[in-house]
Peer 1: 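This structure is in structure tokens; I'll ask about it shortly.
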There are 2 protein chains.
Amino acid sequence: MKKVSIKDIASMAGVASSTVSFVLNGKARKMRISETVEKRVLEVARNAGYYPNQLAISLRTGKSKTLGLIVENIGNIFFATLAKTIEEEAEQYGYRVVYCSTENNASKGKELINMLSQRQVDGYLITPAPHMEEDIQQLVQLQRPVVLIDRYLPAVEASHVLVNNAEAVAQGMAHLFAQGYKEIGFVTVDLDVMQMEQRLDGYIGALSKEGIRLNKDIILKVPYTHQRDEAVELIASLLKNNPQLEALFFATNYLGILGLESINRLKMAIPEDIAVISFDDHDIFRLYPPGITSIQQPVEAIAKKAVALLMEQCENTESIFPKAEVELAAKLIVRGST
Amino acid sequence: MKKVSIKDIASMAGVASSTVSFVLNGKARKMRISETVEKRVLEVARNAGYYPNQLAISLRTGKSKTLGLIVENIGNIFFATLAKTIEEEAEQYGYRVVYCSTENNASKGKELINMLSQRQVDGYLITPAPHMEEDIQQLVQLQRPVVLIDRYLPAVEASHVLVNNAEAVAQGMAHLFAQGYKEIGFVTVDLDVMQMEQRLDGYIGALSKEGIRLNKDIILKVPYTHQRDEAVELIASLLKNNPQLEALFFATNYLGILGLESINRLKMAIPEDIAVISFDDHDIFRLYPPGITSIQQPVEAIAKKAVALLMEQCENTESIFPKAEVELAAKLIVRGST
DNA sequence: TAATTTTGCAAAATCGTTTTAGAAGTGTAA
DNA sequence: TTACACTTCTAAAACGATTTTGCAAAATTA
């Protein structure tokens with residue numbers, strides 16, 4: 001079945017296609033189309049089941065009203081919620097979002113930027129994987145609207161919005177200290193990304209502020225490429241090799257989940273044998289007895305701010321915007337695990 | 001910064017834009033373009049950082065190489081995995097996927113179909129919300145490629161692929177009987193959708209096969225619109241009012257998760273006080289002590305089959321395809337909760 | 001040498017819109 | 001009668017690609 005175009009409507013209504021376009025875009029008044037003609041066109045269009053071809057519109061106007069969102073892994077609840085919130089937010093501005101995952105792989109990230117460019121997205125929201133500096137810098141140089149989220153690249157002149165990682169970890173550490181824990185291990189990932197470094201910095205800073213000497217043996221950097229089981233084993237051996245540990249701080253939710261499995265495997269009790277706190281909240285943390293204390297990122301605020309910044313750039317492509325650097329506060333959710 | 005078009009490349013290389021197109025599409029040989037010209041064009045295109053405008057290509061060729069995927073809720077891990085698998089599968093065929101959620105709301109579903117149509121997707125993968133019959137039937141009538149997943153609408157002449165729900169529940173029930181449980185409650189949702197009815201049918205069928213009389217008091221239909229807390233309370237009162245219950249069968253993973261919360265609230269022990277089994281697997285079920293038995297859908301097989309069916313229709317738009325009705329077997333994952 | 005075929009590319013049509021410029025027709029005033 | 005201003009709509013260009021057709025020059029054949 002052929003689709004109906006504006007031309008078909010025009011010939012059916014006995015007018016020019018420009019007239020149809022004016023009417024359908026509500027410019028009938030402005031273009032002084034008579035009410036008679038307007039009604040007829042509207043009628044015909046409705047009966048024919050006409051809907052506009054967005055591709056043609058975008059091609060002609062040069063605006064696709066679409067944003068590209070590149071996250072690390074859409075399967076992770078944090079990014080999934082972020083994506084959904086961003087989508088809802090963008091809808092307010094009349095924009096659609098297409099999203100995709102890098103899996104923290106720079107070459108996949110490069111491909112995705114390419115793909116989005118080809119599809120003529122109006123702006124980019126990116127959680128950059130390591131080594132994506134060059135590709136993102138290129139976007140910036142071409143004056144494409146770009147906002148980085150969740151992390152940033154110091155070398156790139158792009159606006160970013162993220163949680164105040166160091167501050168958030170410090171807050172969590174303060175809570176642990178207040179509960180009397182002193183021997184606190186830190187489990188992070190071996191990825192060379194800004195936000196992970198900031199979290200580790202938060203940990204180190206909190207220790208030194210409390211006057212506790214840094215013990216590198218109880219900082220574990222799990223290789224990102226490790227399989228689930230290898231990682232669980234790694235965390236388990238950290239616990240076995242350091243029986244003095246009173247608490248474990250996980251730098252991200254999926255590490256926390258792996259940690260729960262390790263602790264479970266060692267038949268240790270939370271919080272009696274080991275206290276647990278994790279960055280990024282998760283359904284499991286709310287549910288897993290006795291409830292896992294976590295640091296909840298202000299996902300909604302991040303999404304809102306990021307979209308707002310991007311929109312500003314999109315709607316105003318002439319002027320160059322100063323790089324905005326936004327850091328938002330996290331929220332500590334205290335549960336039974338500490 | 002202006003984008004470079006094929007015309008720009010043409011004038012830079014001193015050739016016609018058609019020539020550029022031929023070269024870039026690898027048709028140089030076929031169109032008898034000399035190697036000299038081919039090399040020059042390639043060189044110029046590379047240096048200028050040219051990339052094609054997908055919108056223009058789609059408009060001209062009439063193929064967007066994009067599929068529309070409409071799920072119930074992309075936030076749910078089942079749909080998220082399904083979406084991701086479908087995306088990977090579609091990539092094999094050179095197609096992109098744009099996905100969106102209905103939240104089980106027919107009018108939102110209608111809007112989404114509209115949006116996807118305007119964006120000229122080549123085919124539709126849909127988990128239909130109740131009352132979407134008409135809109136989907138219309139797609140079918142317009143001979144658009146459509147495949148329904150996870151559920152189907154008896155009134156609509158569209159292919160579908162889903163898990164064998166009744167059979168899967170029967171399998172779960174058989175396991176419960178084998179473990180000696182007789183008093184088994186069933187918690188489902190009050191939505192009027194095919195797959196939920198099939199699951200309930202599976203439950204009822206299993207009982208009658210076992211010679212157990214149906215007790216409607218221990219079948220709970222949680223209203224879909226209930227808030228988290230209301231639902232938890234509802235399930236808790238089911239347990240309180242029916243102390244004879246030995247096991248609870250949850251018809252979907254998010255109900256199962258709510259159920260865990262209810263059980264937790266009542267301080268009942270799994271499986272000593274109450275055994276638990278849930279449809280659809282989830283991270284939490286693997287982790288939550290003592291592990292929750294669940295029925296895992298063959299997500300990968302569903303995705304593969306659905307995409308394959310859709311591709312067949314897309315690549316072959318002339319012929320009308322017979323409605324394919326595919327039902328796949330689920331896998332019972334036995335854990336400590338039963 | 002003339003006719004024919006092949007080569008190598010250019011021109012133009014096309015996809016479905018938007019948008020600018022302007023063409024008829026009518027009315028009004030000088 | 002002419003000039004001018006409205007009113008109402010149309011024609012055509014443009015967006016950036018693909019694809020069909022066209023056509024001159026070179027090469028081949030008769």
Side-chain angles (χ1 to χ4, degrees), chain A residues 1-42 44-45 48-66 117-122 317, chain B residues 1-42 44-45 48-66 117-122 317:
Chain A
M1 193 78 73
K2 264 287 269 122
K3 292 172 188 168
V4 256
S5 78
I6 219 171
K7 246 188 226 163
D8 301 325
I9 303 296
S11 72
M12 285 195 239
V15 297
S17 53
S18 43
T19 308
V20 177
S21 173
F22 294 139
V23 169
L24 295 180
N25 288 305
K27 296 186 183 163
R29 276 301 84 70
K30 211 170 102 198
M31 286 296 140
R32 293 186 268 254
I33 307 295
S34 69
E35 267 191 50
T36 336
V37 171
E38 183 179 12
K39 274 208 176 132
R40 194 168 67 227
V41 169
L42 250 23
V44 170
Y50 170 80
Y51 59 81
N53 181 327
Q54 189 60 47
L55 297 179
I57 297 178
S58 298
L59 178 60
R60 172 62 229 234
T61 61
K63 303 251 123 231
S64 63
K65 288 284 177 185
T66 299
S117 301
Q118 293 194 185
R119 297 192 174 240
Q120 314 295 122
V121 298
D122 293 337
T317 40
Chain B
M1 191 79 72
K2 262 289 267 121
K3 292 173 188 167
V4 254
S5 77
I6 213 170
K7 249 188 226 162
D8 302 325
I9 304 296
S11 72
M12 286 194 238
V15 297
S17 55
S18 45
T19 307
V20 178
S21 173
F22 294 139
V23 169
L24 295 180
N25 287 304
K27 296 185 183 165
R29 277 301 85 70
K30 211 171 103 198
M31 285 296 141
R32 296 188 274 247
I33 307 294
S34 67
E35 268 191 49
T36 337
V37 171
E38 182 180 10
K39 274 209 178 133
R40 193 169 68 227
V41 168
L42 249 23
V44 170
Y50 171 80
Y51 59 81
N53 181 327
Q54 189 59 47
L55 297 180
I57 296 179
S58 298
L59 178 60
R60 173 62 230 234
T61 61
K63 303 251 123 229
S64 63
K65 289 282 176 186
T66 299
S117 300
Q118 294 193 186
R119 298 196 173 235
Q120 313 296 121
V121 297
D122 294 336
T317 41

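Throughout, protein chains are lettered first and strands after them, A, B, ... in sequence-line order, and every chain is numbered starting at 1. Side chains are part of it too, since the values below use all heavy atoms of this structure and drop only hydrogens, waters and symmetry mates.
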Peer 1: Please report the interatomic distance CG(A/Asp122) to OG(A/Ser58), rounded to the nearest 0.5 Å.
Peer 2: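 It comes to 8.0 Å.
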
Peer 1: When the distance from CZ of A/Arg40 to P of D/dC9 is rounded to whole Å, what number comes out?
Peer 2: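 Rounded to the whole Å, the gap is 8 Å.
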
Peer 1: Hey, mind stepping through A/Arg29 and A/Glu35 against side-chain contact (heavy atoms from CB on, under 4.5 Å) and telling me if it holds?
Peer 2: CA-CA 9 Å; A/Arg29 276 301 84 70; A/Glu35 267 191 50; 3.7 Å; yes

Peer 1: In whole angstrom, what separates A/Lys30's NZ from D/dT7's C1'?
Peer 2: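 Roughly 17 Å, once rounded to whole Å.
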
Peer 1: Using atom CD1 of B/Ile9 as one end and atom P of D/dA17 as the other, report the distance to the nearest whole Å.
Peer 2: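 The answer, rounded to whole Å, is 9 Å.
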
Peer 1: Please determine whether a side-chain nitrogen or oxygen atom of B/Arg32 lies at a distance below 4.0 Å from atom OP1 or OP2 of C/dT7.
Peer 2: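 So the side chain of B/Arg32 is within the cut-off, an N or O lying under 4.0 Å from OP1 or OP2 of C/dT7.
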
Peer 1: Looking at B/Ala45 and B/Leu24, what are the two nearest heavy atoms and their distance?
Peer 2: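 Taking B/Ala45 first and B/Leu24 second, the nearest heavy atoms are CB-CD2, 4.1 Å.
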
Peer 1: Between A/Arg119 (CZ) and D/dG16 (P), how many Å, whole number?
Peer 2: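 Taking CZ of A/Arg119 and P of D/dG16, I get 18 Å after rounding.
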
Peer 1: To the nearest 0.5 angstrom, please state how far the CD1 atom of B/Ile9 sits from the CG atom of B/Leu42.
Peer 2: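 Interatomic distance, B/Ile9 CD1 to B/Leu42 CG, rounded to 0.5 Å: 10.5 Å.
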
Peer 1: Scan nucleotides 11-20 of chain C nucleotide by nucleotide, 5' to 3', and note B when protein non-hydrogen atoms come under 4.0 Å of the base, S if they reach only the sugar-phosphate, - if neither.
Peer 2: B-BBBBBBBB

Peer 1: Atom CZ of B/Arg29 to atom C1' of C/dT7: distance rounded to whole Å?
Peer 2: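 Between C1' of C/dT7 and CZ of B/Arg29: 13 Å.
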
Peer 1: Let me know the distance between NZ of B/Lys65 and P of D/dA17, rounded to the nearest Å.
Peer 2: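 After rounding, the gap between these two atoms is 18 Å.
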
Peer 1: Report yes or no: does A/Ser64 contribute a side-chain atom to a donor-acceptor pair with the main-chain N or O of A/Gln120 at less than 3.5 Å?
Peer 2: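 Flag set: sc A/Ser64 to bb A/Gln120 pair under 3.5 Å.
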
Peer 1: May I ask you to decide if B/Lys27's main-chain N or O and B/Asn25's side chain share a donor-acceptor pair within less than 3.5 Å?
Peer 2: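 Not at all, since once roles are kept as given, no pair shorter than 3.5 Å links the two residues.
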
